[in-house]
Amino acid sequence: MSPDHPPGLDLDRLRALLDRERPGLVAGPLSGRLIEGGRSNLTYAVSDGTARWVVRRPPLGHVLATAHDMRREHRVISALHPTDVPVPRPVLLSEDEEVLGAPFYVMEFVEGTPYRTAEQLAPLGPGRTRAAVLNLVDTLVGLHAVDPAEVGLADFGRPEGFLDRQLRRWAKQLDASRDRDLAGIDELHATLGRELPRSPAPTVVHGDYRLDNVLIGGEDDEIRAVLDWEMSTLGDPLTDLGLLVMYSRPLGMPDSPVSTTAQAPGHPAPDELVERYAARSGRDVSTVAWYTAFAWFKLAVILEGIHYRYTLGQTVGRGFDRIGDLVPVFIEHGLTTLQEG
């Protein structure tokens, strides 16, 4: 297909649906392009020459269970849009697989930059980089302050036993891709299980909260939108904080295929992010080391799964050949985080 007609996006059928469901929204012929960077669901920018929108759909060849993500993503951004949490305005959810071959949703296009590397942050300078990351913490505090029941998300997840289920889920994922010895990963999993903390009151959890999953823009480098809600649920808010802390620790690997924003000049230290979150949320963060170690474990499992698919020839692209070398680094950081407390 041409760049204006990417795979998975039938623009004629999309236009017909929008004209039927949102008459007057589209003013001319549609063009579309795939937005690079997503690891799971596909994201397209669509334009009629005047206005722009974003379409999100499951990957090509998805299994049926994956389609549920579209309903969840659309539901959570629809619930959060009236709040102070910055999310794109939802336009339409379609569960008619005759249109694009899978359920999908349309939302407004938000201008902004998702910063993934230290090199991308460098032009901002230390002061603006620092402010942007602190805004990231403040936005997370705002998300966790939303009362799920007040926005219609009281049944969005099962917070009871959340951490135990998370540990079991990621251990199962590890077993599904286990084809080499990974020193320390079973010890890390076992220690996390023995030291399971008591969760605070549940909130809406993003599940993958980091700098390159938000759009930053405007004169004040404000967070214009939080994206990629496919892992969102009701659960322990400190899992989001632990992941943010993990991504804020420099790995010293400038060519890493994982986000390197923590290495940018001006990026606040992890302890400062934790202190800011604690001060602004009022939550007890004394067990944040457990949540950070869990984040190292979770990412080690995800990366090992990518490495496993790469060895089978099922994943192609730049950087995948280096993923396997990162896994032991993440395991070591997880163990060290638990030991240092």
Side-chain angles (χ1 to χ4, degrees), residues 39-41 58 62-69 71-73 76 144 148 153-210 228-247 258 283 285-309 323-324 326-339 341:
R39 294 183 181 83
S40 178
N41 294 321
H62 73 286
V63 294
L64 186 59
T66 311
H68 188 60
D69 290 346
R71 290 187 284 272
R72 289 184 66 81
E73 283 194 45
V76 74
H144 292 166
L153 294 175
D155 61 345
F156 194 58
R158 294 184 297 130
E160 300 82 8
F162 177 75
L163 293 182
D164 182 59
R165 284 199 313 278
Q166 284 284 299
L167 264 182
R168 285 189 278 112
R169 171 191 175 183
W170 292 107
K172 185 177 179 180
Q173 288 284 102
L174 174 63
D175 289 340
S177 57
R178 197 188 276 265
D179 74 335
R180 61 174 180 159
D181 181 48
L182 290 173
I185 198 161
D186 291 321
E187 177 189 351
L188 176 57
H189 175 255
T191 306
L192 287 167
R194 286 195 303 270
E195 300 179 4
L196 209 67
R198 182 185 180 88
S199 290
T203 69
V204 177
V205 171
H206 182 274
D208 197 16
Y209 194 77
R210 50 197 167 91
D228 290 352
W229 292 88
E230 60 195 88
M231 298 179 74
S232 60
T233 187
L234 291 190
D236 189 325
L238 297 184
T239 54
D240 277 342
L241 178 63
L243 191 70
L244 186 58
V245 170
M246 188 215 77
Y247 275 113
V258 176
R283 286 189 180 84
V285 296
S286 59
T287 56
V288 70
W290 186 95
Y291 293 91
T292 307
F294 172 67
W296 288 114
F297 172 73
K298 174 181 168 180
L299 262 292
V301 173
I302 291 173
L303 293 174
E304 183 63 14
I306 296 172
H307 169 72
Y308 177 67
R309 291 190 295 275
I323 292 281
L326 275 176
V327 178
V329 177
F330 278 63
I331 297 169
E332 181 181 352
H333 276 290
L335 289 169
T336 301
T337 300
L338 283 178
Q339 290 163 3

Q. Atom OG1 in Thr287, atom CZ in Arg198: separation rounded to 0.5 Å?
A. 12.0 Å
Q.
Within the structure provided, determine whether Ile331 and Glu187 are in side-chain contact (heavy-atom separation under 4.5 Å).
A. no
(Q) Could you check whether any side-chain heavy atom of Pro58 comes within less than 4.5 Å of a side-chain heavy atom of Asp69, counting everything from C-beta outward? (A) no
Q: Under the side chain to side chain contact (heavy atoms under 4.5 Å, CB included) rule, what do Glu332 and Trp296 come out as? Steps first, then yes or no, please.
A: CA-CA 9 Å; Glu332 181 181 352; Trp296 288 114; over 6 Å; no
(Q) Which heavy atom of Ala300 sits nearest to which heavy atom of Ile185, and what is that distance? (A) CB-CD1, 4.4 Å
(Q) Counting only heavy atoms not in Arg178 (residues, nucleotides, ligands), do more than 12 fall under 6.0 Å from its CZ? (A) yes
Q.
Would Ser199 and Tyr291 count as a side chain to side chain contact (heavy atoms under 4.5 Å, CB included) here? Give the steps.
A. CA-CA 10 Å; Ser199 290; Tyr291 293 91; 4.2 Å; yes
Q) Does Arg210 reach the main-chain N or O of Leu243 with its side chain, forming a donor-acceptor pair under 3.5 Å? A) no
Q: Would you check if Thr203 and Leu234 make a side-chain contact, meaning some heavy-atom pair closer than 4.5 Å?
A: no
Q | Over all atoms of both residues, closest heavy-atom pair of Ala289 and Leu338 | A | O-CD2, 4.5 Å
Q) In Å and rounded to the nearest 0.5 Å, what is the NZ to CD distance from Lys298 to Gln173? A) 11.0 Å
Q. Ignoring hydrogens and geometry, is there a side-chain-to-backbone donor-acceptor pair from Arg283 to Pro237 under 3.5 Å?
A. no
Q: Indicate the atoms forming the closest heavy-atom contact of Ala176 with Tyr308, along with that distance.
A: O-CE2, 3.9 Å
Q) Nearest 0.5 Å, what's the CZ-CG distance between Phe294 and Leu238? A) 12.5 Å
Q: Looking only at non-hydrogen atoms, find the nearest pair between Pro200 and Asp236 and report the distance.
A: CD-OD1, 3.4 Å
(Q) Rounded at 0.5 Å granularity, tell me how far CG in Leu196 sits from CH2 in Trp290. (A) 5.0 Å
Q) Atom CG of Leu303 and atom CD1 of Ile323: how far apart are they, to the nearest 0.5 Å? A) 5.0 Å
**Q.** Atom pair CG/CG of Asp228 and Asp208 - distance to nearest 0.5 Å
**A.** 7.0 Å
Q: Determine yes or no for a side-chain-to-main-chain donor-acceptor pair under 3.5 angstrom, with Asp240 supplying the side chain and Gly207 the backbone.
A: yes
Q | Side chain proximity check, Leu182 to Leu174, heavy atoms < 4.5 angstrom | A | yes
Q) Which atom pair, heavy atoms only, marks the closest approach of Arg165 to Pro159? A) NH2-N, 4.4 Å
Q) Quick one: are Trp229 and Arg72 in side-chain contact, heavy atoms under 4.5 Å? A) no
(Q) Please evaluate residues Val205 and Met231 with respect to the criterion side chain to side chain contact (heavy atoms under 4.5 Å, CB included), reporting the C-alpha separation (whole Å), side-chain torsions for both, the decisive distance (0.1 Å), and the verdict. (A) CA-CA 8 Å; Val205 171; Met231 298 179 74; over 6 Å; no
**Q.** Minimum side-chain heavy-atom gap Glu304-Phe330 below 4.5 Å
**A.** no
Q: Would you mind checking if Lys172 and Asp175 are paired as a salt bridge, meaning a charged N to carboxylate O distance below 4.0 Å?
A: no
Q: Go through the steps for Tyr247 and Leu299 under the test side chain to side chain contact (heavy atoms under 4.5 Å, CB included), then give the verdict.
A: CA-CA 10 Å; Tyr247 275 113; Leu299 262 292; 3.5 Å; yes
